[in-house]
Novice: 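Here it is, the structure, as structure tokens.
For clarity, every value in this text was computed on a predicted model and none was experimentally measured.
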Amino acid sequence: IPVHLVEHITRVRKTAGELLRKNGREPTAEEIAVRKRILYIASADSSALWTEEVLDGFLDGIRRGSARPEIDVAELGILRSPEFAVRRQDSEYLLKAMRRRKYDVVVTEGYAATELVMSRHAEIPRQTQIVFCGYMNFDRTKRVQYPNMTGVELPGGLMDNVRFGLSLLPRTQKIAVVTAGSPRGEALYREFAEEAKSFDGPGIVFLHGSFMGTEEMLRQLRQLPEEAFVVLAGWRSALPEPSVPEKLMREKIVAAAGRP
């Protein structure tokens, strides 16, 4: 019998024994069905608006279904770590948990969580199914390396936002595009910078966290002309400076810009 089936049988027997002791009778087939185990890994933490909303949507989807899986949530908190890197102790802990808990499904949200699972894929039990979301630039040529992995790739879409903004504000003279100095922010910045080379419209100001500090970014926002708008794709500077919670940073950006 394959190892994973032995483990499944063990879980069935354990569940049946617990129900027998709890109810004082033999459990039915429906009662004895083993609950699935899901590990949800967020790249940032619940202080980030995106992280909170995606997790809420995921949990709401689970609640609407008939299954009642066990769900563990792990937050990597990369927005609080130097260079947006996953701490080694966090990655080792999660890999041990995946091997010990034998999760049926691992859900990764964001760039860091998905990259972690892909880079350590060989160490994850083969029967574990992996689903990613909020991830950009998935290399489809490497799909064969991850047969148990699927997901919905997140499009950049910054140029779509720019064009939509221009349709609402046709008199715009300047557009500021704000991107974080994180791996995902870097991918967004590079993708948009390439698209902007053929853009026939108002001037674009790039405010990117890889080469700009927060105060300089806010100063440039204050200097925008009256007929301008801002495309905000998140912010944190990769330069050495105090960390500011995302929600507070958004308020600072809105106040500094004074523009749509």
Novice: Look at the aromatic rings of Tyr146 and His121 and report parallel, tilted or perpendicular, splitting at 30° and 60°.
Specialist: perpendicular
Novice: Does Ile62 share a hydrophobic cluster with Tyr40, counting links as ILVMFWY side-chain heavy atoms below 4.5 Å and allowing steps through other members?
Specialist: yes
Novice: Do the ring planes of His208 and Tyr189 sit parallel (below 30°), tilted (30 to 60°) or perpendicular (above 60°)?
Specialist: parallel
Novice: Does the salt bridge (Lys or Arg N to Asp or Glu O under 4.0 Å) test come out yes or no for Lys96 and Glu92, once each step is laid out?
Specialist: CA-CA 6 Å; Lys96 288 179 181 178; Glu92 295 302 326; over 6 Å; no
Novice: Testing the basics here: between Trp235 and Leu207, what is the closest heavy-atom pair and its distance to 0.1 Å?
Specialist: CZ3-O, 3.5 Å
Novice: With sequence neighbours excluded, give me every salt bridge (charged side-chain N to carboxylate O under 4.0 Å, His left out) pair touching residues 38-50.
Specialist: Asp45-Arg80
Novice: Can you tell me if Glu109 and Ser43 form a side-chain donor-acceptor pair at under 3.5 Å?
Specialist: no
Novice: To the closest 0.5 Å, what do you measure between CE (Met217) and CD1 (Ile253)?
Specialist: 4.0 Å
Novice: Between the side chain of Asp104 and the main-chain N/O of Lys36, is any donor-acceptor distance below 3.5 Å?
Specialist: no
Novice: In the single-linkage hydrophobic clustering (I, L, V, M, F, W, Y; side-chain heavy atoms under 4.5 Å), do Val177 and Val254 co-cluster?
Specialist: no
Novice: If you take all heavy atoms of Gly151 and Val131, which pair is closest and at what distance?
Specialist: CA-CG1, 4.4 Å
Novice: Return yes if some donor-acceptor pair links the side-chain N/O of Ser237 with the main-chain N/O of Leu239 below 3.5 Å, else return no.
Specialist: yes
Novice: For Thr172 versus Ala228, what's the shortest heavy-atom pair and its separation?
Specialist: CG2-CA, 4.1 Å
Novice: Side chain of Arg259, backbone of Ala257: donor and acceptor closer than 3.5 Å?
Specialist: yes
Novice: Does a side chain donor of either Glu75 or Thr51 reach within less than 3.5 Å of an acceptor in the other side chain?
Specialist: no
Novice: Please determine, by modelled atom types, if Gln129 and Tyr103 share a side-chain donor-acceptor pair under 3.5 angstrom.
Specialist: no
Novice: Tell me whether Phe164 shares a hydrophobic cluster with Leu158, the cluster being built from Ile, Leu, Val, Met, Phe, Trp, Tyr side chains joined at under 4.5 Å.
Specialist: yes
